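Single-structure report; data block below.
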Amino acid sequence: MASEGVLLGMGNPLLDISAVVDEDFLKKYDVTLNNAILAEEKHVPMYDEMSTKYSVEYIAGGATQNSIRVAQWMLQAPGATSYMGCIGKDKYGEEMKKNSKLAGVTVHYDEDETAPTGTCAVCVVGGERSLVANLSAANCYKSDHLKRPENWALVEKAKYYYIAGFFLTVSPDSIQLVAEHAAANNKAFMMNLSAPFICEFFREPQEKALPYMDFVFGNETEARTFSKVHGWETENVEEIALKISAWPKVSTRKRITVITQGADPVVVAEDGKVKLFPVILLPKEKLVDTNGAGDAFVGGFLSQLVQEKSIDECVRAGCYAANVIIQRSGCTYPEKPDFN
């Protein structure tokens, strides 16, 4: 059984505004499928347009929060997970708090008086998704919040930490504080490459955090971008995963790299060796949307890791969770998992 507060996540809490849209809508806002970007001026009207033109669903999201919610669902132990990030004092923020409480996650949100709760447009076409995040309040998270005794207590209680790479754009100093605590106390610190733009434009904070990472997650596109940015001249995902796992480390724990590739096998690099794990294949007609699939994979993986299960079991749970999520709209799940 997972102990209380064993897993802590930190990230950008965003309310997902999810809808099946059309190609014209993507073109209008210059959005490409299977990508994740930060909203620019030209994207601002899309959120209202989505809510008026299409049938939208509101789901408490943001990459890290998705993974933590899925891990919590897989664990079925109230309060096993906790989460921090910044929301606004508004109806979307209230929605988020209600959502997290229902999910059984202990949340300590920083509530910003000046900015609205962050939102993420999830545009779905033919089952594939594209994300446009308007961080707003999520962008206002400060390490002062983390240092407050009641919040730092969550850090001290946890034994595993997971932070999506997106948080590098907001509070790299908070990441560093947690990373250093993990290294000093022999706890597991994990991050995700998260998006090609993180590898390209936030290379410096990413490289600063890398020596602390005991697990690095990502997908094949992000891995190839990481390789290109570092001049590795290889597009071979297995080679890239090995190179990432061999990156210098601060603590004595070895690093394990886990790269998902959609319907292709999951690549796990550890100890100079690569293992491939087939995913659960889904007939095309059962695919609803891929939003949250990568986050769900990580959530499933973490649910077993915090119970000290083998890496094989962690991957199996990750594949199970991703498979459940892609058969539903958004990063949602049934009441109970049937993972055994």
Side-chain angles (χ1 to χ4, degrees), residues 7 67 159-165 168 175-176 178-196 198-200 202-280 294 297-322:
L7 172 63
S67 296
K159 295 188 175 76
Y160 296 84
Y161 307 92
Y162 174 68
I163 302 176
L168 289 165
I175 294 175
Q176 224 43 42
V178 173
E180 285 164 15
H181 170 84
N185 295 278
N186 194 26
K187 297 174 173 184
F189 180 76
M190 302 167 274
M191 285 193 76
N192 202 309
L193 298 176
S194 290
I198 298 289
C199 303
E200 289 171 313
F202 294 86
R203 177 178 171 170
E204 202 180 312
Q206 189 180 55
E207 284 183 2
K208 198 175 168 195
L210 243 167
Y212 293 91
M213 295 180 205
D214 301 307
F215 285 81
V216 175
F217 296 94
N219 66 27
E220 76 278 35
T221 318
E222 295 149 11
R224 289 188 176 117
T225 304
F226 188 92
S227 171
K228 196 173 105 200
V229 166
H230 291 89
W232 287 351
E233 292 181 1
T234 176
E235 292 232 319
N236 181 312
V237 174
E238 294 175 41
E239 269 181 59
I240 298 164
L242 272 174
K243 278 177 167 286
I244 293 173
S245 68
W247 194 283
K249 266 192 107 281
V250 168
S251 73
T252 51
R253 284 171 174 264
K254 59 186 178 185
R255 180 183 298 108
I256 298 174
T257 309
V258 184
I259 307 292
T260 57
Q261 314 185 81
D264 292 331
V266 177
V267 176
V268 177
E270 170 183 13
D271 282 338
K273 292 192 272 302
V274 166
K275 268 181 96 169
L276 298 178
F277 296 85
V279 301
I280 307 160
F297 173 86
V298 173
F301 188 102
L302 296 177
S303 73
Q304 304 308 297
L305 188 70
V306 303
Q307 298 180 80
E308 298 176 5
K309 300 281 174 68
S310 70
I311 296 299
D312 295 36
E313 272 301 279
C314 294
V315 174
R316 192 169 76 85
C319 292
Y320 163 79

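Bear in mind the structure is a predicted one, so any value in this text is a computation, not a measurement.
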Problem set entry | Heavy atoms of other groups near Lys228 NZ, more than 12 under 6.0 Å | no

Exercise. If you look at every heavy atom in Ala241 and Ile259, which pair is closest and at what distance?
Worked result: CB-CG1, 4.1 Å

Problem set entry | Shortest non-hydrogen contact from Leu276 toward Pro265 | CB-CB, 4.1 Å

Exercise. Step by step, would you call Gln261 with Asn219 a side chain to side chain contact (heavy atoms under 4.5 Å, CB included)?
Worked result: CA-CA 6 Å; Gln261 314 185 81; Asn219 66 27; over 6 Å; no

For this session: Output yes when a side-chain donor or acceptor of Ser227 lies under 3.5 Å from a complementary backbone atom of Ala223, and no otherwise.
Result: no

Problem set entry | Gap between atom CD of Gln206 and atom CD1 of Ile175 - 0.5 Å precision | 10.0 Å

Exercise. How far apart are the C-alpha atoms of Lys254 and Glu270, what are their side-chain angles, what is the distance that settles it, and do they pass the salt bridge (charged side-chain N to carboxylate O under 4.0 Å, His left out) test?
Worked result: CA-CA 8 Å; Lys254 59 186 178 185; Glu270 170 183 13; 2.8 Å; yes

Exercise. Is there a side chain to side chain contact (heavy atoms under 4.5 Å, CB included) between Asp264 and Glu220 once you walk through the steps?
Worked result: CA-CA 10 Å; Asp264 292 331; Glu220 76 278 35; 5.9 Å; no

Problem set entry | side-chain hydrogen bond (donor to acceptor under 3.5 Å, both in side chains) partners for Arg224, two or more places apart | none

For this session: Assign the ring pair His230 / Trp232 to parallel, tilted or perpendicular, where the plane angle (0 to 90°) is split at 30° and 60°.
Result: tilted

For this session: Go through the steps for Leu305 and Met190 under the test side chain to side chain contact (heavy atoms under 4.5 Å, CB included), then give the verdict.
Result: CA-CA 11 Å; Leu305 188 70; Met190 302 167 274; 3.6 Å; yes

Exercise. Can you tell me if Tyr161 and Lys187 form a side-chain donor-acceptor pair at under 3.5 Å?
Worked result: yes

For this session: Applying ring pair (Phe, Tyr, Trp, His ring centres under 6.0 Å) between Phe301 and each of Phe217, Tyr160, Phe277, report the one that passes.
Result: Phe217

For this session: Among Val266, Ile311, Asp312, Val267, find the one that has a side chain to side chain contact (heavy atoms under 4.5 Å, CB included) with Lys275.
Result: Asp312

Exercise. Of the non-hydrogen atoms in Cys314 and Lys309, which two are nearest, and what is the gap between them?
Worked result: SG-O, 4.0 Å

For this session: With side chain to side chain contact (heavy atoms under 4.5 Å, CB included) as the test, would you mind laying out the steps for Leu7 and Lys159 before giving the verdict?
Result: CA-CA 6 Å; Leu7 172 63; Lys159 295 188 175 76; over 6 Å; no

Exercise. If you take all heavy atoms of Glu235 and Ile240, which pair is closest and at what distance?
Worked result: C-CD1, 4.0 Å

Exercise. Between Tyr162 and Phe189, is the ring centre distance below 6.0 Å?
Worked result: no

For this session: Identify the heavy atoms of Ser251 and Asp214 that sit nearest to each other, and give their distance.
Result: OG-OD1, 3.6 Å

Seminar exercise, completed: Nearest heavy-atom contact between Cys199 and Leu193 is SG-CB, 4.2 Å

